[in-house]
Structures are given as structure tokens and as C-alpha cells.
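The structure appears right after this line, and notes come after that.
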Amino acid sequence: MQDEGKGSRQGRVLVVVTGCIAAYKAAEVLRGLQKAGCDVRVAMTEHATEFVGPITFEALSGHPVVTDLFRASTPIPHIELTDWAELVCVVPATANFLAKMAAGIADDAASTTVLAAGCPVLVAPAMNVRMWSNPQTQANLDILRSSGVDVVMPVAGRLACGAEGEGKLASVEQVVAAALETLRPEPDLSGRAFLVTAGPTHEAIDPVRFLANASSGKMGYAIAAAAARHGARVVLVSGPTALACPPGVDRVDVTSAAEMLEASKAAFASADCAILAAAVADYTPAHPADHKLKKDAEPLGSIELVQTADILRTLSAEKGGRVVIGFAAETGDAVAKAQAKLARKGCDLIVANDVSREDSAFGSDTDAVTFVSPEGAEPLPTLAKPQVAERLIARAATLLEA
Ligand SMILES: Cc1cc2nc3c(=O)[nH]c(=O)nc-3n(C[C@H](O)[C@H](O)[C@H](O)COP(=O)(O)O)c2cc1C
């Protein structure tokens, strides 16, 4: 029997089970979390109970399972459960449940409880490959991510319906690891101030045309979200992106590299750590027009460019005892190029990212990065961006302590 109170060592996790074939895997996730020292409670959708009986989860968790808002053992179960939980883990998550979460629908015990959650929420989707690749499902996931929900991505493989492809629930170990990573209270960054930059910059050619790059901003936003989750005050200096500002983060919107430099310098003045994940343009048009250039009257055969200021080098030069972390998005030889960049710029750490890899491309949801510091190169496995962000924040905390 698990700890009944609020004193479990690793955290209090509410597992929400929805109507998938993989529902039985939630029992293994529950066990894995308990083995790691968590206290676990369970809520189920009505359809989930078609796949596994609540009695299984009751016996394993040692707690009543909530399946019905109006016939539960407590009068207001969704509030009682979410007051208690430190993490809500929807595993497995149906396409239907993701859609309901994205739309804020609360029409049963499980969805009402998830909507009421004030703690981090993690979803581990599982479904048929066509349901997974349906643009509506992907749009729902984008909405959830931008509101701070962590996603444990499904993997490719043979699905229960017999089809081959993406949509298979991530392994139990991956789900448990992601849950523990989201839960882990360390490092405690309260009292620390972070500057994070994200996204591309737009360099004006004229009022309607600009030079830009393919950065989505997802990595920088994930880093800002992770730093805030660990208690830091975070200023996010963001180039133009379609992403929502993570909870608890102050965002400063900029457009050009020059604006990003000024906003970064201002935020760095009161920061302990700068993580510069933006893909800042290296060049900007020397003479941007103040009016829209006309194709016939002012043909644009070439654009004279000048170099932009180097934000990473500028902040590194004035960092003193503070921590500055840069990114190197390279196509090939990323680690060697990052080592050279580290020496050139004088920062504490470079996150090397080979963006020519499919699992690490601009705009992808995963990254395979290497932390490059004067001590050496530390490759990480392919991870979802929020997990890379967690690892980076842990590393930044170590550098801050040093
Ligand atoms: C045998 C069977 C297996 C199913 N497996 C899945 C699944 O893996 N993923 C999914 O999104 N939906 C799956 N469904 C469909 C959902 O059960 C259905 O969309 C249901 O309305 C989901 O309800 P819930 O989200 O409230 O649990 C399955 C349905 C059946 C009959």
C-alpha cells in the first residue's frame, strides 16, 4: 500500500487512463512510478473501463479510482484530486481525449479533472497511424504543447489494429522517465533570473519583405518554460513565432537582430544566466528601403548585406561570474564546429545541434544535441524538446552553483 498522505518521496501522480487498447500499459506505468517512490492515483474515462476494469487500478494504487464525477468517494473529486496531484499523466491518451483537452472540454470525470489541474500535465498518446497523422490531431497537440503540456511522443511499430506506423505508445520506461523528469523538484532555481532568447529574426529589405530563417522557436520556448517551472524568473526575448508564451514567463517581442541584441542586453543586466537559443540572422540588409520597392521602378537584383552584432559574443564578454549558454545549429560536424565556437565566443556551454538530421531539424519536436563545454562533449540521446530543455536547465543550475 502506498503512502496515503502528501509525503511521498518522489511525488504525487494522477494517472488518467483513456479508451485505448494500450490502457493495460497504464498499470505498468503506475507500477514504474510507484517503484520510483511516487504515490499514484487513477482517474479513467468511461471508455477506458471497457478495456481495463477500475478494480485493477484500485488494487494496484491502493486508492479508489475516479470514473464518475457524481458517484465518487468524495463530493468534488476533480478538485480534490487536482489539489493533491503534483503531476497529471494522461496515459495512454486517445485522439479524442487530446482533442477535448485542446478545446478545454470537461464533460466527464477524467477531462474535468485534467482541466482543473494546476500542476504540470504530461500526455502519452497512442492510436492508429491515420488518427495520429490526421492534421486535426497534430493541431491539437500543438495547442497542448503551447499551453505547456508535455508530450511523450508515440513511436513507430506494429499497432494493435495490425497497421504499421507511428502511433504506438512510447515504452513504459520512457513514460515513467518523462514523468519523473517533469516531477523532479530539483534544481531549485527560485531567486535566480534567466534570460532566454528564441525564434528567428526578420531583417527588413523593405516594409513588406525580409530575410529570415526556419527557426520555429520551440526549443527556446521549452527552455523558458522549464526554467520557470523550476522557480526562476524568466525573460524570454522572442523573435517572430506562432507560439504562446509559456506560463510564468515574461516575453519581450522583437523582430530584428538589432532589437534582439538591445532587449537581451537589457534583460541580461539583471540575469544570472543567459541561454541564447534564438537563430539570429548573421547578416542584415545594409540599406532597408522605407517604402515597398516596386518591381519595375526599383528592381532588386542584389541586396547589400552587413554583419549583425554577435549577441553571444557580446554577452559572454560582459558576463563576469554569470553563466552564458549558446546554441550551434550546424549541418554536419556539429560538435567540432561547436568546440571552435565555444573557444571563439567565450561562453560556458554550447548546445550543438546537427539540424541536417531528421530528428533534430528546425521545427521538429525532437532534438539530438551534444553539450559542448571546456570539459568535453556530452552527447544526449534523441529527446523531445521539453526533455532537452530539462537537461539543459539542470546543467545550467550546475554551472550556476560552480
Ligand atoms: C478496440 C478499440 C481500440 C481503440 N484504440 C484506440 C487507440 O489506441 N487510440 C485512440 O485514440 N482511440 C482508440 N479507440 C477509439 C476510442 O476508444 C474512442 O475514440 C473513444 O471515444 C475514446 O474515448 P475516451 O477518450 O473518452 O477514452 C479504440 C476503440 C476500440 C473499439
Side-chain angles (χ1 to χ4, degrees), residues 15-30 32 44-52 88-103 105 110-111 114 121-147 149-179 181-182 214 216 218-219 222 242-243 353-369 380-389:
V15 170
V16 175
V17 188
T18 70
C20 302
I21 293 268
Y24 70 95
K25 292 265 181 73
E28 294 177 43
V29 169
L30 182 156
M44 301 175 77
T45 64
E46 196 188 333
H47 288 133
T49 66
E50 297 284 339
F51 294 85
V52 184
V88 171
C89 188
V90 184
V91 56
T94 57
N96 173 62
F97 203 79
L98 296 173
K100 282 168 52 168
M101 283 177 70
I105 291 173
S111 58
V114 172
V121 177
L122 184 102
V123 296
M127 65 199 69
N128 164 274
V129 61
R130 290 197 301 275
M131 292 170 84
W132 173 248
S133 56
N134 187 303
Q136 193 58 58
T137 301
Q138 293 303 315
N140 291 334
L141 280 164
D142 284 343
I143 292 172
L144 293 177
R145 279 195 200 94
S146 65
S147 54
V149 171
D150 286 335
V151 182
V152 187
M153 293 292 279
V155 294
R158 191 170 173 75
L159 306 173
C161 54
E164 284 280 343
E166 226 173 314
K168 191 176 155 76
L169 182 70
S171 72
V172 169
E173 293 72 25
Q174 274 175 312
V175 178
V176 171
E181 202 151 294
T182 309
S216 66
K218 287 179 185 171
M219 189 69 246
L243 304 173
N353 191 8
D354 184 348
V355 290
S356 62
R357 288 175 55 147
E358 211 174 288
D359 58 359
S360 224
F362 270 149
S364 81
D365 293 315
T366 57
D367 271 330
V369 303
L380 269 57
T382 301
L383 296 169
K385 284 185 198 285
Q387 290 173 281
V388 176

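Keep in mind that this is a model prediction, so the values were computed, not measured.
Residues T366 and K385 have side chains not in contact (no heavy-atom distance under 4.5 Å, counting atoms from C-beta outward). Counting heavy atoms from C-beta outward, L144 and L98 have side chains that approach closer than 4.5 Å. In this structure, the side chains of M101 and N140 stay at 4.5 Å or more apart for every pair of heavy atoms. Using a 4.5 Å heavy-atom cutoff, the side chains of C89 and L122 are in contact.
In plain terms, the two heavy atoms of W132 and E166 that are nearest each other are NE1-OE2, 3.5 Å. Residues I143 and A102 approach most closely at CG2-O, 3.8 Å, considering heavy atoms. Considering every non-hydrogen atom in both P125 and V123, the closest pair reads CD-O, 3.6 Å.
Residues meeting the side-chain hydrogen bond (donor to acceptor under 3.5 Å, both in side chains) test with S147, sequence neighbours left out: none. Residues forming a side-chain contact (heavy atoms from CB on, under 4.5 Å) with L380 (at least two apart in sequence, or on another chain): V369, F371, E378, L383, R391. Listed by chain and residue number, V155, L159 satisfy the side-chain contact (heavy atoms from CB on, under 4.5 Å) test with K168 (two or more places apart in sequence, or in another chain). Among residues two or more places apart in sequence or in another chain, the side-chain contact (heavy atoms from CB on, under 4.5 Å) test is passed with A170 by V152, Q174, V175. The side-chain contact (heavy atoms from CB on, under 4.5 Å) search around E50 returns none, not counting sequence neighbours.
Atom CG of N96 sits about 9.0 Å away from atom OG of S111, to the nearest 0.5 Å. Put simply, CE on M44 and OG1 on T49 are 6.0 Å apart, with the number rounded to the nearest 0.5 Å. Within the model, atoms OG1 of T137 and CG of N134 stand 4.5 Å from one another, a figure rounded to the nearest 0.5 Å. Atom CE in M127 sits 12.0 Å away from atom CZ in F97 (nearest 0.5 Å).
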Please list, one pair per line, the donor and acceptor atoms closer than 3.5 Å that link side chains of residues 15-23 to other protein atoms, with sequence neighbours excluded.
| residue | atom | partner | partner atom | Å |
| --- | --- | --- | --- | --- |
| T18 | OG1 | P92 | O | 2.6 |
| T18 | OG1 | T94 | N | 2.9 |

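Within the structure, every pair that satisfies the salt bridge (charged side-chain N to carboxylate O under 4.0 Å, His left out) test and touches residues 130-143, not counting sequence neighbours, is listed here: D142-R145. Listed by first then second residue, pairs satisfying salt bridge (charged side-chain N to carboxylate O under 4.0 Å, His left out) with a partner in residues 16-30 number zero, not counting sequence neighbours.
Residue E164 places its CD atom among more than 12 non-hydrogen atoms of other residues, nucleotides or ligands, all under 6.0 Å distant.
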